[in-house]
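The basis for the numbers below is simple: all heavy atoms, side chains too, and nothing from hydrogens, waters or symmetry mates.
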Amino acid sequence: MSLIPEIKPQQSLELLKELHILTRDGKINQDTRRKLKQVYHLYQFIEPLMADVLAEKGEMSLADHGAGKSYLGFILYDLFLKDKAAGSVYGIETRPELVSRSQELAARLGFERMGFLNLSVEQSITSEQLPEQVDIITALHACNTATDDAIRFALAKNARYIVLVPCCQAEVAGVLRQKKNQSFGLTPLSEMWRHPIHTREFGSHLTNVLRCLQLEARGYQLTVTELVGWEHSMKNELIIAKYTGQRKNSARERQEAILKELNLEDLRERFVY
């Protein structure tokens, strides 16, 4: 059992050292304490989803898209899966050096049901290294269009659950900015993004609204909330989607109407499919 009260008793101290949450002598400072709190907070949202799939199927697959150093995947495996007979976690990442590092760490820790793949989004959708269906897709702080890539992957893999923490969304804001003068003559709503700071913030918010409508149109039920406890991150929105199969035509219609009203029809292919 850990002597540090913040650390869960089943947690591997060696893993936390490798992730630089603990120092080599097993201590924790204020900065790493905050990081640990953030990871555990997100785990509270994802653990029930893993448990639900495992209980129903006797098996469970989770893919973390844009995994980076795979902090999230390692924590999920360590806290939930390592003592269970079934269940796999995949980290999908385009930087080969991070993939190699994660592979080495998983081997050293004996995390046999973790896999790390150096794949693009397009490659991951068709790769034989991944199951035909992946139950849970996560994308943590996936920057700009990487969140949309994760959604595309999740839809292709018929995911039961999708967990997104979007970050640094610039594409919609860029189109709003590019067409600002034209939009002034089309709708008074253009006042919502007239000033540069409003363009950035409104564009980011609108991106997530369009993503949510996209998922509802494809048969998902959504919970959109704040990652309470992530006080030090401005990117604090958590989207959890659960597949129900009940597609909402009204969500698709609202997507189309918003894109037309806000002069964003150039982005239709990204959000409407």
Side-chain angles (χ1 to χ4, degrees), residues 49 63 65-66 121-122 124-125 134 136-227 235-273:
L49 313 183
H65 230 287
V121 177
E122 289 74 17
S124 68
I125 289 174
V134 179
I136 304 172
I137 311 298
T138 60
L140 176 62
H141 286 164
C143 285
N144 203 19
T145 59
T147 297
D148 302 298
D149 293 339
I151 291 173
R152 190 150 52 95
F153 173 80
L155 294 176
K157 290 295 185 179
N158 299 311
R160 173 87 61 90
Y161 292 105
I162 309 171
V163 181
L164 306 170
V165 180
C167 184
C168 306
Q169 296 143 169
E171 186 184 34
V172 170
V175 177
L176 289 171
R177 192 177 297 112
Q178 178 186 353
K179 296 194 170 188
K180 187 175 292 187
N181 291 337
Q182 180 187 3
S183 297
F184 284 155
L186 296 176
T187 173
L189 291 176
S190 61
E191 290 295 332
M192 297 183 72
W193 66 91
R194 178 157 62 96
H195 300 288
I197 189 172
H198 293 161
T199 306
R200 185 186 68 209
E201 296 303 318
F202 179 69
S204 180
H205 175 68
L206 181 58
T207 302
N208 287 341
V209 170
L210 289 168
R211 286 166 174 162
C212 289
L213 288 170
Q214 178 187 33
L215 288 168
E216 288 180 325
R218 292 296 294 266
Y220 285 84
Q221 181 183 67
L222 265 63
T223 300
V224 183
T225 187
E226 194 175 44
L227 271 175
K235 307 303 178 183
N236 201 31
E237 186 168 341
L238 172 67
I239 300 170
I240 301 176
K242 176 182 179 180
Y243 186 71
T244 65
Q246 297 179 347
R247 298 189 175 216
K248 292 179 68 173
N249 291 332
S250 60
R252 178 69 75 234
E253 291 165 2
R254 286 176 181 271
Q255 267 189 312
E256 299 272 17
I258 289 170
L259 291 169
K260 182 177 180 181
E261 177 72 16
L262 302 185
N263 200 20
L264 290 171
E265 290 178 291
D266 289 356
L267 294 175
R268 186 182 184 280
E269 286 188 9
R270 174 164 290 283
F271 294 106
V272 182
Y273 59 83

Enter the distance from Thr199:OG1 to Arg194:CZ here, rounded to the nearest 0.5 Å.
10.0 Å

Go through the steps for Trp193 and Val172 under the test side chain to side chain contact (heavy atoms under 4.5 Å, CB included), then give the verdict.
CA-CA 11 Å; Trp193 66 91; Val172 170; over 6 Å; no

Assess the residue pair Val121 and His65 against the criterion (side chain to side chain contact (heavy atoms under 4.5 Å, CB included)); give the C-alpha distance rounded to whole Å, side-chain angles, the decisive distance to 0.1 Å, and a yes or no.
CA-CA 8 Å; Val121 177; His65 230 287; 3.9 Å; yes

CZ on Arg200 to SG on Cys168, rounded to 0.5 Å
10.5 Å

Do the non-hydrogen side-chain atoms of Ile125 and Lys157 ever get within less than 4.5 Å of each other?
no

Take Tyr273 and Arg218 through the side chain to side chain contact (heavy atoms under 4.5 Å, CB included) test and state the conclusion after the steps.
CA-CA 9 Å; Tyr273 59 83; Arg218 292 296 294 266; 3.8 Å; yes

Under a 3.5 Å threshold, yes or no: a donor from one side chain and an acceptor from the other, between Gln214 and Tyr220?
no

With heavy-atom distances below 4.5 Å as the criterion, would you say the side chains of Phe271 and Leu264 are in contact?
no

Test item: Leu155 and Arg152 side chains (from C-beta on) under 4.5 Å apart, heavy atoms
no

From CD1 (Ile258) to CG (Leu189), nearest 0.5 Å:
10.5 Å

If you look at every heavy atom in Leu176 and Gly203, which pair is closest and at what distance?
CD1-CA, 3.9 Å

For Ala154 against Ile162, the heavy-atom pair lying closest together:
CB-CD1, 3.6 Å

Any heavy-atom pair between the side chains of His205 and Met192 that's under 4.5 Å?
no

What heavy-atom pair brings Ala251 and Ala217 nearest, and what distance separates the two atoms?
CB-N, 3.8 Å

Surrounding CZ of Arg252 (heavy atoms of other residues, nucleotides or ligands, distance under 6.0 Å), is the total greater than 12?
yes

Please check if atom CD in Glu265 has more than 12 non-hydrogen atoms from other residues, nucleotides or ligands closer than 6.0 Å.
yes

d(Leu222 CG, Leu215 CG) to nearest 0.5 Å is 5.5 Å

Exercise: identify the closest heavy-atom pair between Ala159 and Tyr243:
O-CB, 3.7 Å

So how far is it from Lys260 NZ to Thr187 OG1, rounded to the nearest 0.5 Å?
12.0 Å

Minimum heavy-atom separation for Val272 and Glu256, please, with both atom names.
CG1-OE2, 3.6 Å

Does the pair Ile239 and Cys212 meet the rule for a side chain to side chain contact (heavy atoms under 4.5 Å, CB included), with working shown?
CA-CA 8 Å; Ile239 300 170; Cys212 289; 4.0 Å; yes

Stepwise salt bridge (charged side-chain N to carboxylate O under 4.0 Å, His left out) check, Glu261 with Arg254:
CA-CA 10 Å; Glu261 177 72 16; Arg254 286 176 181 271; over 6 Å; no

Mind checking the NZ-CG spacing from Lys180 to Asn263? Nearest 0.5 Å is all I need.
13.0 Å

Does any non-hydrogen side-chain atom of Val224 lie less than 4.5 Å from one of Asn208?
no

Any chance NZ of Lys248 has more than 12 other-residue heavy atoms, nucleotides or ligands included, within less than 6.0 Å?
no

Evaluate whether atom NZ of Lys179 has more than 12 neighbouring non-hydrogen atoms of other residues, nucleotides or ligands under 6.0 angstrom away.
yes

Inspect the surroundings of CD in Gln182 and state if more than 12 heavy atoms from other residues, nucleotides or ligands are less than 6.0 Å away.
yes

